[in-house]
Amino acid sequence: MGWGPDAILQEDANFEVRRGDVFAILGGSGCGKSTLLRHLIGLERPLAGRVDIAGLGAPERRVGPPAFGVMFQGGALFGSMTLLQNVALPLEAWTDLEPEAVEAVARARLRLVGLDGYEHHLPAEISGGMKKRAAIARAMALEPELLFLDEPSAGLDPVSAVELDELILTLRRGLGLTVVLVTHELESIDKIVSRCIFLDKESKRIIAEGDPRELRERSDDPRVRNFFHRRSARRSE
Amino acid sequence: MAPPNGPTDFRVERVDYEDGRAVLVFAGALRFAEASLVWADVRELLLDAPPTVRFDLSDVERIDGGCMALLVQLRCELESAGVDAAFEGARGQAAELYELYGGTGRPCLRAPPRRPGLLDQVGRVTLALAGELRAALDFVGALCLSLVRALRAPGSVRWRDLAPLMERAGADGLVIVVLINFLVGFIMGFQGADQLQRFGANVFVADLVGLSVTRELGPLMTAIIVCGRSGASFAAELGTMKVSEEVDALHSMGFDPIRFLVFPRVLALCLALPLLTLIADAVGVVGGLLVGITELQLTVVAYTNETLKALDLLDVFSGVVKSVVFAAAIGLIACQQGLAAEGGAVGVGQRTTSSVVSILFALILIDAGFTVAFYALGV
């Protein structure tokens, strides 16, 4: 599979995500991790081949209730809406719930991600970590089984990043979510990821797949070893 | 051999050997603050371009990153020119920096990017224009599809944004619209008064102001003001949403950005602009009235009667019809440009500028079309 408007970033990107996995797409800068994620959620189309999510088919841009939740790198909350309105938006559009019920569910989602009391704040009034939490709450508004997260820890201070990792683990355990995420944070990979693929920019291929802890210990590919054995900014603090 | 440098605590000397080898012996502390001196000295010592050059760093007590970068760069330049150049004797901190700055690697000079030729530039501009045209056609296609779907399911349009958007586009811009159109009527009155006074036709200034304001200047000036306010604002707002992935988030939640963002904005403008235009017509006439009273000694009643006699309902109506089309053009171009934004703040700025320029051009073009059409229809 290849993609991109002007250049092929990856070819033959075949991999499987199992139900209940916290699955990570790993690789160096510019190897196409986020682009692959955009293909998985249907925002881009591959030049060849197809994305197939079991039971959901090929993701595509369509109007209707989404089959999965997505959290974008910066949160992508709507700046003119409060956190409650942001989370309530998909509920209002795609459920038959009464306004009071919509509000109750939205409040519960915000409470779940630790934003109780911030319902009427605008995104500009909260920190980066809180924005990402609110974005997760919005992504989970319609109770999806599959959650896509683009660089959840990027740009966060170490404490917020650890809290977000714990939140992802809690959601996975408590709600039985399958999570697919793009990250390059070693700390997060160690802590939350159960399986991963490793993309390589030069060969434009997936060069490793499996449990990140096993890859760290046993991979004989120098690119994978270098990635896993570099010093983590978070770890060194 | 070059003499040691004066007040600084570094030295660089050239030693020439019989086998043609030139060794630049560096000593002391090479600091970036004195880099220009080091650079000038070294260049001077290498003016005759010997076939083999060695940079001897064994006597260097301390060197910082900036100076090491310059020496590595010089070595690269020499190697590119066919000189056998290398470092020797680096130790301790100098050796570490030497490694860090790639002193052990191959020559690192890269050819500067080729300056595009004339044909190349013409090709790029043509491709860019074709890309713009394609994006605009894509937008029109998506718009038509969304329009059909919105007609089938009106509830899918985000109506709740309509009132706040109308307030932003209409009520918030009322003061500036009133002020500018009053002045336009005032200026028209003065320009006409000067000419009409010569023929004793003072009262006809009311005809001139009334017709020009209601048929032409009122709708056009109001549209230009709304373009500057709301058009730029919508383009920047949607552009920012696009680059901060909010539009992607809408897609991912199953919303159609055209129904969610574009329709409410276009509709708000289509409702607000005719109202603003009617107000603009009224204050434009008042501007002319002020000139009539103060300069032409006309009474309010006489001026008003002449205005009512000169104006047909069709004159006002034609201006209002124009304003609806202007509003649609402002909204659609602003939204299309905003949704096409890429590349962060710069991209948003470019699209905002582009939207204002395109809207102004479109307004004049539409106005010309209406003028010809009304003339042909005898309106």
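Residue numbering restarts at 1 for every chain, and letters A, B, ... go by the order of the sequence lines.
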Practice problem: Select one option (side chain, backbone, both, neither) describing which atoms of B:R158 are under 4.5 Å from chain A's heavy atoms. | Solution: side chain
Practice problem: Check the pair A:I41 / B:H251 against side-chain contact (heavy atoms from CB on, under 4.5 Å), numbers first and verdict last. | Solution: CA-CA 9 Å; A:I41 61 179; B:H251 279 298; over 6 Å; no
Measuring from [X]:[atom1] to [Y]:[atom2], what's the distance to the nearest 0.5 Å?
| X | Y | atom1 | atom2 | answer |
| --- | --- | --- | --- | --- |
| A:L77 | B:S244 | CG | OG | 9.5 Å |
| A:E44 | B:D248 | CD | CG | 8.0 Å |
| B:E245 | A:M71 | CD | CE | 9.0 Å |
| A:F68 | B:M253 | CZ | CE | 12.5 Å |

If you count heavy atoms of other groups shown closer than 6.0 angstrom to [atom1] of [X], is the number above 12?
| X | atom1 | result |
| --- | --- | --- |
| B:E342 | CD | no |
| B:E99 | CD | no |
| A:F78 | CZ | yes |
| B:R229 | CZ | yes |
| A:E145 | CD | no |
| A:E16 | CD | no |

Exercise. Heavy atoms only: give me the nearest B:S252-A:P66 pair and the separation to one decimal.
Key: O-CB, 3.1 Å
Self-check item: Minimum-distance pair of heavy atoms, taken over all atoms of A:A93 and B:F255
Solution: CB-CE2, 3.2 Å
Quiz item: Are B:F260 and A:L89 close enough that some pair of their side-chain heavy atoms sits under 4.5 Å apart?
Solution: yes
Quiz item: Is there side-chain contact between A:F72 and B:E246, with heavy atoms separated by less than 4.5 Å?
Solution: no
